Amino acid sequence: VKIKQISRHPLICHRGSVYPLGKPRERRKLTIVAGFLCHDGVVLASDTMYSSGINFKTEGPKIFPVCETPELSVIISGAGNVSNMTLAVEQITESLTVSSRWNLKKVRAVITDVLVDIHAKHVTPVPVQDKPTFDFLIGVWSPSEGTAMLETSWSTVNRVRFPGRRFIGGGSESAEMAGALIRSKVSSVEAAKVVASFCIDAAKRFSRDCGGQTRIWTLTQDGKVRRCRTSEVSELRKYSELVFGTVGEFLEVLDIGSYSTSAIDSAMGIMKIRAMELGAIRESFGSTSKPEGPLNPQHPTAAPLDPPPSQE
């Protein structure tokens with residue numbers, strides 16, 4: 001076969017896989033996911049924006065409840081290439097629905113096998129430098145070991161040690177900075193929901209590839225997987241907005257070169273007022289923290305789940 005004939009063919013074969021000639025289409029990428037390992041469970045939070053390039057934006061889920069049984073509960077959040085990530089979630093779900101005496105070691109082995117297979121078939125062979133890979137933050141519960149959080153990097157699966165917070169996706173730097181601003185050691189699920197909302201909001205504010213709605217899911221020590229009510233997420237976001245506004249007001253008053261006694265007194269007055277407002281919002285969390293319902297979508301009080309992402 002002559003070279004010029006090959007160049008005219010619409011497909012090329014690369015390491016056993018067939019791809020369009022030239023650079024493959026850029027796939028939609030998930031942009032920010034936060035995970036918190038607490039003494040009483042795991043909290044996963046995300047935005048809902050998918051991005052592809054500069055101009056194309058859409059929305060879809062980034063957190064996927066995999067199973068909730070007396071033997072095992074698993075919830076997966078992902079960032080990266082949508083097509084490969086959703087394929088991995090589907091295969092992991094299929095593998096974990098098989099009845100077994102599950103423990104964390106077995107779950108890690110299942111996830112590792114799926115990731116190795118997908119990266120070998122759909123990630124590594126792609127003839128581009130920017131591989132269509134993805135990362136996971138995973139909450140796992142079993143009766144014998146309680147809750148745990150796993151993180152992945154390519155096909156490697158590692159356990160997150162307590163207390164742990166992790167951020168993945170394009171908005172992770174903004175989320176990390178927001179988490180550092182709070183400086184609190186998040187040890188409980190209720191506290192983690194507040195910090196998670198704050199960090200996701202920071203990513204949506206300062207990263208152009210983050211946006212849409214905020215989703216927060218929890219996996220508690222009783223093995224229950226729940227999505228936070230819309231009303232609770234709304235209150236959490238109000239709290240985040242007030243924190244951002246308070247920091248801005250404080251810095252505006254203490255403008256460089258004007259550290260006078262009156263300026264400091266004014267700043268402290270603002271901080272006192274905002275602290276009272278923040279405290280009032282925190283107290284309201286208890287009245288809106290009831291989860292929307294069980295994982296089973298057939299249950300009459302179940303929370304409405306996000307629709308599956310559209311495919312290109």
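Residues: numbered from 1 along the sequence shown. Small disclaimer: the values here were computed from a predicted structure and weren't measured.
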### Query
Counting only heavy atoms not in Glu173, do more than 12 sit closer than 6.0 Å to its CD atom?
no

### Greater than 12 external heavy atoms within 6.0 Å of Glu94's CD
no

#### Entry: Over all atoms of both residues, closest heavy-atom pair of Cys38 and Ala192
SG-CB, 3.6 Å

### Message
Side-chain heavy atoms nearer than 4.5 Å, only ILVMFWY residues, links allowed to pass through others: does that put Phe206 and Met177 together?
### Response
no

### Heavy-atom closest contact (Ser46 atom, Val33 atom, distance)
CB-CG2, 4.0 Å

### Task
Please name the pair of heavy atoms, one in Ile76 and one in Leu44, separated by the smallest distance, quoted to 0.1 Å.
C-CD1, 4.5 Å

### Carboxylate-amine/guanidinium contact Arg227 Glu232, below 4.0 Å
no

### Query
Closest approach of Phe198 and Ala178, non-hydrogen atoms and distance?
CE2-O, 3.4 Å

### Task
Indicate whether any N or O donor in one side chain lies under 3.5 Å from an N or O acceptor in the other, for Thr31 and Asp47.
yes

#### Entry: Under 3.5 Å: donor-acceptor pair, side chain of Lys62, backbone of Ala79
no

## Note on the structure
The ring-ring contact (aromatic ring centres under 6.0 Å, His included) partners of Phe134 (sequence neighbours excluded) come to His119, Phe136

### Task
Indicate if Phe162 and Val42 have the same hydrophobic cluster label, given that clusters are the connected sets of ILVMFWY residues with side-chain heavy-atom separations under 4.5 angstrom.
yes

### Message
Could you measure the distance from the CG atom of Asn84 to the OG1 atom of Thr133? Nearest 0.5 Å is fine.
### Response
8.0 Å

### Task
Sequence neighbours left out, what passes side-chain hydrogen bond (donor to acceptor under 3.5 Å, both in side chains) with Ser174? Give chain and number order.
none

### Query
With the threshold set at 4.0 Å, does a side-chain nitrogen-carboxylate oxygen contact exist between Lys238 and Glu235?
yes

### Task
Return the minimal non-hydrogen interatomic distance between Ile216 and Ser197, and the atom names on each side.
CD1-CB, 4.1 Å

#### Entry: Within-4.5 Å side-chain heavy-atom neighbours: Trp154 and Val123
yes

### Message
Does Leu104 form a side-chain contact (heavy atoms from CB on, under 4.5 Å) with Leu150? I'd like the steps, not just the answer.
### Response
CA-CA 9 Å; Leu104 188 61; Leu150 304 175; 4.0 Å; yes

### Query
For the atom pair CD1 (Ile168) and OG (Ser77), what is the distance rounded to the nearest 0.5 Å?
5.5 Å

### Query
What closest approach, in Å, do Arg161 and Leu37 show between heavy atoms, and which atom pair accounts for it?
C-CD2, 3.9 Å

### Query
Taking atom types as modelled and ignoring hydrogens, do the side chains of Lys204 and Thr214 form a donor-acceptor contact shorter than 3.5 angstrom?
yes

#### Entry: Worked verdict on Met49 versus Cys210 for side-chain contact (heavy atoms from CB on, under 4.5 Å)
CA-CA 6 Å; Met49 179 178 286; Cys210 300; 5.8 Å; no

